[in-house]
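Below is one structure, written out as structure tokens; the observations come after it.
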Amino acid sequence: MNQLFSKLRKYEIMIRKVANNHLQGEYQSLFKGSGLEFDDLRPYQYGDDVRTIEWKVSAKGHGTFVKTFREDKDQCVYFLLDISGSQDIGQAGHKKIDQGKTIAGVLTLAGVFDGSQVALISFSDQKENLILPGKGTKQGVKMIRGIFDYENKSLKTDLNAMFTFALNLIKKRSVVIVISDFIDEGYERPFRALAERHDLVAIQLTDPRESALPSLGIIPIYDKERGKTTWVNTAFGSFSRKIADTFTSERDHLSEICKKNQINYLSIDTTQDIVAPLLELFKYRNKRMKRG
């Protein structure tokens with residue numbers, strides 16, 4: 001566990017240093033950007049964002065008023081971690097599940113060191129592990145243990161159930177970071193609803209072999225979630241193309257949903273180091289906060 005903490009902390013410090021250099025010290029925006037709560041009303045001034053106008057009050061005829069906000073000191077970051085069987089793909093030590101847990105661990109430490117509350121919902125086709133929001137080092141240790149030491153009850157996937165569970169649980173506006181391969185169907189409605197209520201980030205985990213199956217002839221493919229083996233002929237080009245097209249269209253579908261619903265989307269391959277992609281996410285969110 002000490003080695004694990006050391007590894008995660010090195011990642012976290014590296015991200016913090018590079019992000020601070022690129023973002024002029026505004027690294028915290030990943031967590032703090034949406035952590036604003038209504039404070040008061042004041043008269044409209046030239047240059048104010050029209051989106052902050054309180055129309056109901058302004059309609060009473062006493063002038064145009066805008067809402068003012070203050071930083072929510074109890075900003076909470078929820079990690080929704082998919083630990084279903086489809087995550088168990090990739091080279092040993094670099095599977096999607098390993099990548100997902102590392103990302104959740106690094107961002108947990110970042111949240112703890114920034115003073116945010118952090119919380120965890122691990123899911124398969126059922127709630128696997130729930131750690132309610134908390135602050136500080138003890139919460140960080142509890143979260144890391146919950147992320148890395150937990151053993152699944154199920155290997156099946158149900159993203160609809162995961163997002164619905166989160167919707168019912170998380171009442172206060174929070175940063176919600178979903179870490180999953182998003183290999184499932186019928187999850188769009190609660191996913192969009194989460195985006196309406198919270199500041200939603202979707203991190204999609206991928207592996208090259210999912211979309212580029214090598215030509216190995218007739219081979220057994222084991223479906224870990226269903227516990228079944230199917231024999232397929234990988235020598236047929238049409239089969240490989242179908243696999244590749246399916247994964248490409250599913251990723252495009254998710255990316256389009258995120259674009260339409262103002263969800264931050266990031267795809268990370270198991271062969272990638274996580275630092276560069278996470279920095280791109282920081283930069284994008286930082287620019288968006290400045291525009292907003």
TODO: Give the intermediate values and the outcome of side-chain contact (heavy atoms from CB on, under 4.5 Å) for residues Tyr11 and Ile103.
DONE: CA-CA 9 Å; Tyr11 266 130; Ile103 292 167; over 6 Å; no

- [ ] Please step through side-chain contact (heavy atoms from CB on, under 4.5 Å) for the pair Arg192 and Lys260, ending with a clear verdict.
- [x] CA-CA 9 Å; Arg192 291 190 188 100; Lys260 287 181 178 177; over 6 Å; no

- [ ] Mind running side-chain contact (heavy atoms from CB on, under 4.5 Å) on Asp252 and Glu256 for me, showing each step along the way?
- [x] CA-CA 6 Å; Asp252 289 344; Glu256 192 62 28; over 6 Å; no

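Side-chain atoms of Gln262 never come within 3.5 Å of backbone atoms of Ala195 as a donor-acceptor pair (strictly under, hydrogens ignored). Here the side chain of Asn160 pairs a donor or acceptor atom with the backbone of Gly186 at under 3.5 angstrom. At least one donor-acceptor pair under 3.5 Å links the side chain of Gln139 to the backbone N or O of Leu132. Between the Asn261 side chain and the Ile263 main chain, no donor and acceptor come within less than 3.5 Å of each other. Side-chain atoms of Thr108 come within 3.5 Å of backbone N or O of Ala104 as a donor-acceptor pair. At distances below 3.5 Å, at least one donor-acceptor pair connects side-chain atoms of Asp98 with backbone N or O atoms of Lys95. The main-chain N or O of Arg251 is never found under 3.5 Å from a side-chain atom of Ser255 such that the two would form a donor-acceptor pair.
Clustering ILVMFWY residues whenever any of their side-chain heavy atoms sit less than 4.5 angstrom apart, transitively, puts Leu205 in a cluster other than the one holding Ile89. Following chains of ILVMFWY side-chain contacts shorter than 4.5 Å, one can reach Phe123 starting from Leu254, so the two form part of one hydrophobic cluster. The cluster map of Ile, Leu, Val, Met, Phe, Trp and Tyr, joined by side-chain heavy atoms under 4.5 Å apart, puts Ile268 and Leu8 in the same cluster.
One finds the OG1 atom of Thr102 at 10.0 Å from the CD1 atom of Ile97 (value rounded to the nearest 0.5 Å). Atom CG in Leu159 sits 9.5 Å away from atom CD1 in Ile183 (nearest 0.5 Å). To the nearest 0.5 Å, atoms CD (Gln126) and OG (Ser84) are separated by 11.5 Å. Rounded to the nearest 0.5 angstrom, Ile203 CD1 and Ile274 CD1 are separated by 9.0 Å. Note: Ser267 OG to Gln272 CD = 7.0 Å, rounded to the nearest 0.5 Å. The distance from atom OG of Ser86 to atom CG of Asp184, rounded to the nearest 0.5 Å, is 8.0 Å.
Side-chain contact between Thr157 and Asp125 is absent, with no heavy atoms from C-beta onward closer than 4.5 Å. Residues Val178 and Phe163 form a side-chain contact, since some pair of their non-hydrogen atoms from C-beta on lies under 4.5 Å apart. Within the 4.5 Å cutoff, the side chain of Gln87 has heavy atoms near those of the Asp181 side chain. No side-chain heavy atom of Val118 sits less than 4.5 Å from a side-chain heavy atom of Leu107. With contacts defined as side-chain heavy-atom distances shorter than 4.5 Å, the pair Thr206/Gln204 qualifies. Side-chain contact between Val201 and Leu266: absent, with no pair of heavy atoms (C-beta onward) separated by less than 4.5 Å. Put simply, the side chain of Leu194 does not reach to within 4.5 Å of the side chain of Pro190, judged on heavy atoms. A 4.5 Å side-chain heavy-atom check between Leu200 and Phe191 finds at least one atom pair inside the cut-off.
Outside the 6.0 Å centre-distance limit, the rings of Tyr265 and Phe182 are not counted as a close aromatic pair.
Counting heavy-atom neighbours within 6.0 Å of Gln91 CD, excluding the residue itself, gives a total of 12 or less. For Lys171, the NZ atom sits in a packed shell: over 12 heavy atoms of surrounding residues, nucleotides or ligands are nearer than 6.0 Å.
In terms of heavy-atom proximity, Lys60 sits nearest to Lys56 at CG-O, 3.7 Å. Minimum heavy-atom separation, Val77 to Ser116: CG2-CB, 4.2 Å. Shortest non-hydrogen contact noted between Pro208 and Thr270 is CD-OG1, 3.7 Å. Closest approach of Gln117 and Pro133 over heavy atoms only: OE1-CB, 3.4 Å. Taking every heavy atom of both residues into account, Phe65 and Pro43 meet most closely at CD2-N, 3.8 Å. The minimum heavy-atom distance linking Gln75 with Arg173 is given by the pair NE2-O, 4.5 Å.
Listed by chain and residue number, Glu12 satisfy the salt bridge (charged side-chain N to carboxylate O under 4.0 Å, His left out) test with Arg9 (two or more places apart in sequence, or in another chain).
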Review item, side-chain donor-acceptor pairs of residues 141-152, under 3.5 Å, at least two apart:
from: Tyr150; atom 1: OH; to: Glu128; atom 2: O; distance (Å): 2.7
from: Tyr150; atom 1: OH; to: Glu128; atom 2: OE1; distance (Å): 2.8
from: Tyr150; atom 1: OH; to: Lys153; atom 2: NZ; distance (Å): 3.0
from: Asn152; atom 1: ND2; to: Ile83; atom 2: O; distance (Å): 2.4
from: Asn152; atom 1: ND2; to: Ser154; atom 2: O; distance (Å): 3.1

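Side chain to side chain, Asp82 and Ser180 meet the donor-acceptor criterion of an N or O pair below 3.5 Å.
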